[in-house]
Amino acid sequence: MRISPLFTDFYELTMAQGYFLNQHNPDVVFDMFYRRHPFNGGFEIFCGLENLLTALSELQFSTDDIEYLENLQVFEKSFLNYLKDFRFSGTVYAFDEASVIFPGEPLIRVHAPLIEAQLIESLVLNIINFQTLIATKSARLLHATRYGRILEFGMRRAQGYDGALHASRAAFIGGAAGTSNTLAGKEFGIPVMGTMAHSWVMSHDTELEAFKKYAELYPEASILLIDTYNTLDQGIHNAVKAGLELKSVGRKIGVRLDSGDLSYLSKQVRRILDEAGLEDAGIAVSGDLNEEIAAQLIAEGAPIDTWGVGTQLATGSPDAALTGVYKLAALKTTDGLKPAMKVSNNPDKMTNPGIKQVYRFYDSRGTALQDLICFDGEPQPSGEDITVFHPTMQYKHTRLTRYASAIPQLKIVMQNGNPVQAFPSINELQEKVIFQLKSMDESYLRLINPHEYKISISESLKDLKFRMIDEYSS
């Protein structure tokens, strides 16, 4: 679905008209980055880039859009005529989608005329903030379950139609095995999965009849919900009866627990299934799960094969949003591109000026060591020792030694308003996430008090940044 350029904050349009009428439309560079970890975590998963680039390449004001703006009686005719022919013509650099990312580093770098760069701000932040939040939540669940089978079941409590749809995409990229959202399956090629509701069981004369009817219909995918009435005294025993009938014709069942003490119940259910000769029957759980609950169940040895996660995954609970921002980093003057930065009384809100690149350093085993933000065009590190600096504390620095490689993270992904190459498949993006998680040191991935991954800046960037702070403060 094509996104209208009206999907923007109103002040972007009023500023754009001001730039247009004052003939102030220099080439600029904007950075998109975020300020802090959601979920008190130690990493995030970059997600939404394909959707963003597709939207940018299709961005166009319709006749209805122009008529709406005209009826507001805020915009001059000449500006509206400009918007009629508006297209995004900029160049975009970005991290690869599905990359592990960290606060403070530019994830997207936009080079465009000021009006174009300004009008896309809301779109950039809306797409990247939401999908990155959900992909991160999914990756945390994946790690907490020790790479278990996670199903995303959250559409009925997601933030609207589009939120549900793209939550399914982001959750799959972050590591989920499938979704209950049938439209997401069609749109993105995600496996669609589901079991039964309590209403299926309640609508039959007996629980056993409900299980047998379902197994007759879906002998290849019979996951029986066993907690409608009484899990251990009734549900599991009826499931065993249905399962033994399926086993006699070479099929197998699974069972789902949606309530109660999932640790205790899953262990008892596993024992009953095994004693009945249904050792290959899987156990799925659901019921307001999150990564902390999953990690605790794993620690207690709960024999769970599949994790159905709904609200907590599709909404990014308990964090409502990623703290992504979009800030001017450079603008063209008569003397060329001039660095720009925001200076604030809060050091964490100060930005890094200029056109930047990010290098990720790896050891000989392929484990990420730390990231370095530097000016684009600084020599690529190639094994020599480097002094790197804290992003906000001028005096704090360290020596980076004994790294095997340094890989640039910002790559050109759009030129003249068009994507430069084909997008990876959604399966390739998920594989990338899993590979990176398994390559990260465990200390950055843990749920409680994760180790802080170091983000440093180069000496040249440090010198410019603090010189500009002194100039703006004087």
Side-chain angles (χ1 to χ4, degrees), residues 37-39 41 43-52 96-101 126-195 284-295 304-322 324 423-438 445 447:
H37 292 293
F39 317 123
F43 72 96
E44 282 68 53
I45 301 297
F46 181 50
C47 194
L49 182 64
E50 177 181 344
N51 300 119
L52 173 62
D96 289 335
E97 187 163 17
S99 293
V100 172
I101 54 171
N126 176 270
I127 292 175
I128 300 300
N129 279 340
F130 179 68
Q131 290 199 44
T132 297
L133 184 77
I134 304 305
T136 302
K137 187 72 171 182
S138 185
R140 285 167 59 82
L141 280 158
L142 185 69
H143 184 258
T145 60
R146 299 180 186 171
Y147 299 89
R149 188 168 181 261
I150 298 164
L151 306 183
E152 181 270 312
F153 286 169
M155 68 178 294
R156 59 186 60 186
R157 290 184 180 169
Q159 285 94 338
Y161 169 88
D162 184 71
L165 194 64
H166 286 93
S168 297
R169 177 185 189 270
F172 184 80
I173 290 171
T179 180
S180 67
N181 188 331
T182 312
L183 181 59
K186 174 180 179 289
E187 293 292 320
F188 305 124
I190 303 169
V192 289
M193 302 172 183
T195 57
V285 296
S286 55
D288 210 28
L289 298 174
N290 60 27
E291 60 268 46
E292 287 83 10
I293 294 171
I304 295 167
D305 305 292
T306 300
W307 309 77
V309 189
T311 304
Q312 300 275 337
L313 176 51
T315 66
S317 179
D319 273 87
L322 188 76
F423 299 116
S425 72
I426 198 167
N427 294 88
E428 290 172 328
L429 294 174
Q430 186 188 79
E431 290 167 4
K432 180 181 178 69
V433 169
I434 294 171
F435 175 81
Q436 288 182 103
L437 291 179
K438 291 183 176 180
L445 306 180
L447 299 180

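When reading the values below, keep in mind they use all heavy atoms of this one structure, side chains included, and skip hydrogens, waters and symmetry mates. This chain uses plain numbering: 1 for the first residue, then up along the sequence. A quick note: this is a predicted structure, and the numbers were derived from the prediction, not measured.
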For Phe435, is the CZ atom crowded, meaning more than 12 foreign heavy atoms sit under 6.0 Å from it? no
Taken to the nearest 0.5 Å, the spacing of Ser138 OG from Gln131 CD works out to 12.0 Å
Taking the side chain as every heavy atom from C-beta outward, state whether Pro191 and Phe172 have any pair of such atoms under 4.5 Å apart. yes
Please find the pair of heavy atoms, one from Ser168 and one from Ile190, that lie closest to each other, and give the distance. O-CD1, 3.5 Å
For the residue pair Lys432 and Glu97, what are the closest heavy atoms and their distance? CD-O, 3.5 Å
Show your reasoning for whether side chain to side chain contact (heavy atoms under 4.5 Å, CB included) applies to Arg140 and Glu292. CA-CA 9 Å; Arg140 285 167 59 82; Glu292 287 83 10; 3.7 Å; yes
Pick one: which of Val192, Leu313, Thr306 meets side-chain contact (heavy atoms from CB on, under 4.5 Å) with Leu151? Thr306
Please give me the minimum heavy-atom distance between Leu133 and Leu322, naming the atom from each residue. CD1-N, 4.0 Å
With a 4.5 Å limit on heavy-atom distance, are the side chains of Leu289 and Gln312 in contact? no
To the closest 0.5 Å, what do you measure between CZ (Phe39) and CD (Glu44)? 8.0 Å
Closest approach of Ala139 and Leu437, non-hydrogen atoms and distance? CB-CD1, 4.0 Å
Does any N or O in the side chain of Lys137 come within less than 3.5 Å of the main-chain N or O of Ala171, such that one atom is a donor and the other an acceptor? no
Are Phe43 and Leu445 side-chain neighbours, meaning at least one heavy-atom pair lies under 4.5 Å? yes
Backbone N or O of Leu165 within a donor-acceptor pair of the Glu187 side chain at under 3.5 Å? no
Rounded to the nearest 0.5 Å, the OG atom of Ser99 sits from the CG atom of Leu49 at a distance of 9.5 Å
Approximate separation, where rounding is to 0.5 Å, of Trp307 CH2 and Leu142 CG: 12.0 Å
Below 4.5 Å, heavy atoms only, C-beta onward: do Thr132 and Ile45 meet side chain to side chain? no
Got Met193 and Ser180 here, is their nearest side-chain heavy-atom distance under 4.5 Å? no
Measuring from atom CD1 of Ile304 to atom OG1 of Thr145, what distance do you get when rounded to the nearest 0.5 angstrom? 10.0 Å
Which heavy-atom pair separates Ile173 from Ala98 by the least distance, and what is that distance? CG2-CB, 4.2 Å
Test salt bridge (charged side-chain N to carboxylate O under 4.0 Å, His left out) on Glu152 and Arg169; report intermediate values, then the result. CA-CA 10 Å; Glu152 181 270 312; Arg169 177 185 189 270; over 6 Å; no
Could you tell me which non-hydrogen atom of Val433 sits nearest to which non-hydrogen atom of Gly174, and how far apart they are? CG1-O, 3.8 Å
Measure from the side-chain N and O atoms of Asn129 to the backbone N and O of Gly324, and report whether any donor-acceptor pair falls under 3.5 Å. yes
Spacing of CZ belonging to Arg157 relative to OG1 belonging to Thr315, to within rounding of 0.5 Å: 9.5 Å
